[in-house]
Amino acid sequence: MQVVTTGTRGGHAAVHSVVAMAPTSPTTAPTAIEATALHKTYRRRGRTTVAVDDVGLRVEVGEIVGLLGRNGAGKSTTVELVAGLRSPDRGAARVLGLDPQTDRATVRGVLGVQLQTPRLHDALTVRELVRLHRSFYPAGRDPDALIEAVGLTDSRDTRFEKLSGGQQQRTSVAVALVGDPRVVILDELTTGLDPEARRGMLAMVRRLREDGVTVLLVSHHMDEVERLCDRAVVLDAGRVVAEGTPAALVAQAGLPAGTALEDAYLALTDAARPTGTENSKETVR
Ligand SMILES: Nc1ncnc2c1ncn2[C@@H]1O[C@H](COP(=O)(O)OP(=O)(O)OP(=O)(O)O)[C@@H](O)[C@H]1O
């Protein structure tokens with residue numbers, strides 16, 4: 001059995017409940033993350049945006065996979081669909097074989113998610129937040145050690161609302177990891193972090209790999225994807241336009257072996273669309 005949290009919504013630490021652990025098969029281990037033909041459309045003020053357009057995604061247990069794409073390509077929406085924070089119009093996602101829509105509580109027991117925009121209780125300090133989230137699980141990581149690992153020991157008694165953007169992000173990473181999840185989604189882990197903090201975060205991802213944790217890493221930093229990720233999936237306008245190891249993406253872009261992933265990424269995303277088209281598919285009614 002495992003106590004899980006639904007994370008936070010609207011600035012308040014949210015629900016937790018006691019649930020069964022993910023079922024495991026004696027013969028075939030489930031894929032860590034599997035998405036099939038995920039589709040999500042937003043409708044706002046007469047505008048319809050196809051944010052995620054039949055995305056398929058597969059991350060095996062123990063892999064680190066990068067999710068890449070320009071601003072508005074659909075990365076965060078894909079992450080939210082996989083985590084069960086949004087419902088797809090159609091298609092399905094599974095985390096360790098569990099449906100995040102119907103097995104919400106169980107999925108949150110095995111999945112840690114750091115969202116691009118942290119949603120945590122403003123009035124609580126770093127330490128209170130991490131301890132609170134630790135209390136939702138019967139076992140997990142030591143809050144103070146985790147706070148130290150994300151470099152926030154000096155700010156541990158500071159309220160969330162008084163933290164800098166980078167410190168808030170690091171708090172959200174600590175909260176995502178405190179339940180010792182088997183699968184972790186990190187949405188722009190290092191964006192906005194100073195070089196020292198960034199280095200610390202990348203070292204933490206390497207330690208997650210050593211512990212056998214599966215990581216889906218949304219990133220705009222091709223150098224860190226190249227160094228950390230086993231594979232990367234490139235989204236453009238809501239669609240998967242390329243995927244493979246960094247070396248395979250370079251080959252797919254028709255570039256010589258040894259070319260930087262950034263050059264391959266730019267070539268692949270440029271090739272994916274006619275010049276001048278928008279990043280996501282938007283129509284006005
Ligand atoms: N809540 C929402 N309501 C309406 N449209 C949205 C909403 N969230 C995202 N979108 C739109 O959906 C598309 C995909 O957005 P998404 O945030 O998933 O992209 P992203 O790849 O994560 O971008 P970024 O790199 O800028 O974080 C964009 O066109 C965005 O404007």
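By convention here, the first residue in the shown sequence is residue 1. Note that ligands are numbered from 1 as they come in the structure, with each ligand's atoms numbered from 1 the same way.
At least one heavy atom of His220 sits closer than 4.0 Å to an atom of ligand 1. The shortest heavy-atom distance from Arg86 to ligand 1 is under 4.0 Å. Ligand 1 lies nowhere less than 4.0 angstrom from a heavy atom belonging to Arg47. Residue Arg70 places a heavy atom less than 4.0 Å from ligand 1. Gly69 does not count as a contact of ligand 1, since none of its heavy atoms falls under 4.0 Å from the ligand.
Annotation: side chain of Thr41 is not in contact with side chain of Thr49 (no heavy-atom distance under 4.5 Å). Looking at heavy atoms from C-beta onward, Leu57 lies in side-chain contact with Thr78 at the 4.5 angstrom threshold.
Applying the side-chain hydrogen bond (donor to acceptor under 3.5 Å, both in side chains) test to residues at least two apart or on different chains, the pairs with a partner in residues 185-197 are Ser76-Asp187, Gln116-Glu188, Glu188-Thr191, Glu188-His220, Thr190-Glu224.
Near Gln116, meaning under 4.0 Å from one of its heavy atoms, ligand 1 places the atoms 27 (O). The distance from ligand 1 to the heavy atoms of Ala51 drops below 4.0 Å at these ligand atoms: 12 (O), 13 (C), 14 (C). Close approach of ligand 1 to Thr49 (heavy-atom distance below 4.0 Å) involves ligand atoms 12 (O), 29 (O). Heavy-atom contacts of Glu188 reach the following atoms of ligand 1: 25 (O), 27 (O) (cutoff under 4.0 Å).
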*asked:* Pair Arg159, Thr125 - check side-chain hydrogen bond (donor to acceptor under 3.5 Å, both in side chains), show working.
replied: CA-CA 4 Å; Arg159 282 153 59 144; Thr125 66; over 6 Å; no
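Geometrically, ligand 1 and Thr77 share a nitrogen or oxygen pair separated by less than 3.5 Å.
Contact annotation for Arg44 and ligand 1: only side-chain heavy atoms (C-beta onward) come within less than 4.0 Å of the ligand.
Within the 3.5 Å criterion, the main-chain N or O of Leu202 finds no donor-acceptor partner in the side chain of Arg199.
A salt bridge does not link Arg104 to Asp99: none of the charged side-chain nitrogens sits closer than 4.0 Å to a carboxylate oxygen.
Rounding to the nearest 0.5 Å gives a distance of 13.0 Å between OH of Tyr42 and OG1 of Thr48.
Side chains of Thr31 and Arg58: a donor on one and an acceptor on the other come within 3.5 Å.
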